[in-house]
Amino acid sequence: MATLSSELIADLKWRGLFSQSTDEKALVEALKKPTTLYIGFDPTAPSLHVGNLVVLLALRRFQLAGHIPIALVGGATGLIGDPSGKSEERSLNTSDVVAAWVERIRGQVSKYLDFQAKPNAAMVANNLDWTSPLSAIEFLRDIGKHFSVNQMLAKDSVSSRLEAGGISYTEFSYQVLQSYDFLELYRRHNCTLQLGGSDQWGNIVAGLDLIRRVESGSGHALTIPLLAKADGSKFGKTAGGAIWLDAEMTSPYAFFQYWLNTDDKDVINFLKVFSFKSRAEIEALEKTHNENPGAREAHRALARELTSIVHSEDICNRVELASRALFGQGELSELDEATLASALAELPRTTVKSGDPIPTWVELLAATGVVDSKSAARRIVKEGGAYLNNTKISGEDFAPEKSDFLCGKYAVLRKGKRDLAAVELI
RNA sequence: GGCGGGUUGCCCGAGCGGCCAAUGGGAGGGGACUGUAAAUCCCCCGGCUCUGCCUUCAAAGGUUCAAAUCCUUUACCCGCCA
């Protein structure tokens, strides 16, 4: 990892993690010394998702380069709602919901930073700590006075909303709160750099203005491009919804598969953006990938590294084993019970009591939740996408027999090419 | 405050008394081809105890043998005039 500031910036640029910054020369100069920087995460859901990982890992890159990272969890801003990039007003969440999400996200964010590092230990902050004690009058006199409505209206996040039908005073005020966060972190920790997605540019420079006006101080802004996929679809979304970092919300198996199934056209870019591998290592993978894309070496490296970072190396190994065991190579019936059990542990599942009659394939699949209804499961059978233990089955009434249960316990249902579920006989 | 227009399945959007579970596009799903990729082609896409039945066209009531389609009220959105 680059430790010299010019190398750090060059590395970020090479990885496609550099959108724009305030005076780049001055930034490089400032980064020659350990610098305190922050990124904010608003609790808009119970977990962060893979989209957040881009900036979160960027923060880690800075720490590895010797800087002091602060992860700010937006206990206050999460109550307000950032209009950036939204075409409609957000619906507000209650304060207990937001408070609960803050705690979960605080825990998540902490996994990616080093709090023991010397001399640049990471910190986690919550903007509710300094926003909540502030009275409305103080806020308007001490902070609001420094903002020009003309400039606020000119911000992209606001002007696009004005065109799209309107914005509430609440969301309009968001940029003031975010600016105040930067000011507070500047005061408390001499934090002089804020990172964010490119949609955060306006909010970040508003903070720099505030620091200049109130403290006559200066700082820097650096934004990271929003990650785009080659086919134009939104990164991090699947039919099932977002890919979350929380293992309860997106299983490590599904997480691993998500990366393994990355579009060929995206895989090298994703390695640059997410991986901590060196440029040389990534370029070697690029070469391998171009020579034999079918081997999916680059995909596998990406999936392995991210699953290890987000979950753990141990979980990653288990999940990869499951992935290999369940996909084609080798007969399922040849797997020993331990391997099978751990592979299936990662899948959506249902159970059948050993005394009870065994339900039909359709009923079992519906019970695992892989499809929304029995009609959907029936459709799969009709269309020829139904498999039991990797063997195609037909007939809507098809039901597994006792003897179909591998090791006397497990049956593997498959829908289409890659959607798997497990049935356990208990 | 007055007048007019709108609210349809995951999204966009036709339908404007029976032939409507509702045209078309997108998203999504299955198949073929492949590499657990992309592109392409074919098929599917409310639910169920599935040759039939049930619940949907903002909500609630009504007219009719029959309503997404007509009437009334309510909620929300959007225009024009004050």
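Residue numbers start from 1 in every chain, and the chains themselves are labelled A, B, ... in the order their sequence lines are given, proteins ahead of strands.
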* Asked: Roughly how far, to the nearest 0.5 Å, is the CG atom of A:Leu72 from the CG atom of A:Asp42?
  -> 8.0 Å
* Is A:Lys374 side chain donor-acceptor paired with the B:U49 base, going by distance under 3.5 Å alone? ->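 No.
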Which part of the nucleic acid does [X] contact within heavy-atom distance under 4.0 Å: base, sugar-phosphate only, or nothing?
X	answer
A:Gly294	base
A:Tyr258	nothing
A:Gln257	base
A:Leu260	base
A:Asn261	base

According to the Watson-Crick and G-U wobble definitions, with both distances under 3.5 Å, which nucleotide is paired to [N]?
N	answer
B:A68	none
B:U34	none
B:C80	B:G2
B:A58	B:U74
B:C48	B:G52
B:G9	none

Using atom [atom1] of each nucleotide, how far apart are [N] and [M] to the nearest Å?
N	M	atom1	value
B:U23	B:G9	P	13 Å
B:A14	B:U8	P	11 Å
B:U49	B:A22	C1'	25 Å
B:A68	B:U7	P	15 Å
B:U36	B:G15	C1'	42 Å
B:C11	B:C71	P	27 Å
B:C48	B:C33	C1'	36 Å
B:U40	B:A27	P	10 Å

* Whole angstrom is fine here: how far is it from CD1 in A:Ile268 over to C1' in B:A38? => 15 Å
Side chains of [X] and [Y]: do they bring a donor and an acceptor to under 3.5 Å?
X	Y	answer
A:Ser47	A:Gln108	yes
A:Asp264	A:His299	yes
A:Asp181	A:Trp130	yes

* Asked: Which residue pairs pass the salt bridge (charged side-chain N to carboxylate O under 4.0 Å, His left out) test with at least one member in residues 302-314 of chain A, sequence neighbours excluded?
  -> A:Lys277-A:Glu305, A:Arg304-A:Glu320
* To do: Not counting sequence neighbours, list each pair that qualifies as a salt bridge (charged side-chain N to carboxylate O under 4.0 Å, His left out) and has a residue in residues 129-155 of chain A.
  => none
[X] side-chain proximity, nearest of [options]:
X	options	result
A:Lys415	B:A37, B:G35, B:G29	B:G29
A:Ser323	B:G31, B:A37, B:U36	B:U36
A:Arg296	B:G35, B:U34, B:G30	B:G35

* Taking NZ, NE, NH1 and NH2 as the nitrogens, is one of them in A:Asp246 or A:Arg104 under 4.0 Å from a carboxylate oxygen of the other? ->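 Looking at A:Asp246 and A:Arg104, the cut-off is met.
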* Are A:Glu291 and A:Lys287 ion-paired here, with the side-chain N under 4.0 Å from a carboxylate O? ->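 A salt bridge links A:Glu291 with A:Lys287.
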* Asked: Would you say a side-chain N or O of A:Arg300 is under 4.0 Å from OP1 or OP2 of B:U36?
  ->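 False: A:Arg300 side-chain N/O out of range (4.0 Å or more) of B:U36 OP1/OP2.
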Check: protein-nucleotides 39-46 of chain B nitrogen or oxygen pairs below 3.5 Å:
{"unit_1": "B:C44", "atom_1": "O4'", "unit_2": "A:Glu383", "atom_2": "OE2", "d": "3.2"}
{"unit_1": "B:C44", "atom_1": "O2'", "unit_2": "A:Glu383", "atom_2": "OE2", "d": "3.2"}

* Apply side chain to side chain contact (heavy atoms under 4.5 Å, CB included) to A:Lys13 and list each qualifying residue two or more places apart in sequence or on a separate chain. =>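 For A:Lys13 the side chain to side chain contact (heavy atoms under 4.5 Å, CB included) partners, ignoring immediate neighbours, are A:Ile9, A:Phe18, A:Glu24.
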* Asked: With a 6.0 Å cut-off on ring centres, are A:Trp259 and A:Phe274 close enough?
  ->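 Yes, they do, as the ring centres are separated by less than 6.0 Å.
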* Asked: Where the side chain of A:Lys402 meets the backbone of A:Ser354, is there a donor-acceptor pair that is under 3.5 Å apart?
  ->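 Yes, A:Lys402 side chain to A:Ser354 backbone: donor-acceptor pair under 3.5 Å.
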* Flag, side chain of A:Ser19 to backbone of A:Ile224, donor-acceptor distance under 3.5 Å ->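 Pair absent, no side-chain N/O of A:Ser19 close to backbone of A:Ile224.
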Within the sub-3.5 Å range, which N or O atoms of nucleotides 24-27 of chain B have a protein N or O partner, and how far apart are they?
none

* Test A:Ser323 against A:Gln257 for side chain to side chain donor-acceptor pair (under 3.5 Å), laying out the working first. => CA-CA 8 Å; A:Ser323 164; A:Gln257 290 293 325; 2.9 Å; yes
* Want to settle it: does A:Ile380 or A:Asp264 sit nearer the 5' end of RNA chain B, counting the closest nucleotide to each? -> A:Ile380
* To do: Nearest-nucleotide wise, let me know which of A:Lys392 and A:Glu320 is further upstream toward the 5' end of RNA chain B.
  =>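 Whichever sits nearer the 5' end wins; that is A:Lys392.
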* **side chain to side chain donor-acceptor pair (under 3.5 Å) evaluation trace for A:Gln200 with A:Gln194** => CA-CA 10 Å; A:Gln200 292 297 309; A:Gln194 183 178 172; over 6 Å; no
* To do: If a protein heavy atom is under 4.0 Å from the base, mark B; if only from the sugar-phosphate, S; if neither, -; do that for nucleotides 51-56 of chain B going 5' to 3'.
  => ------
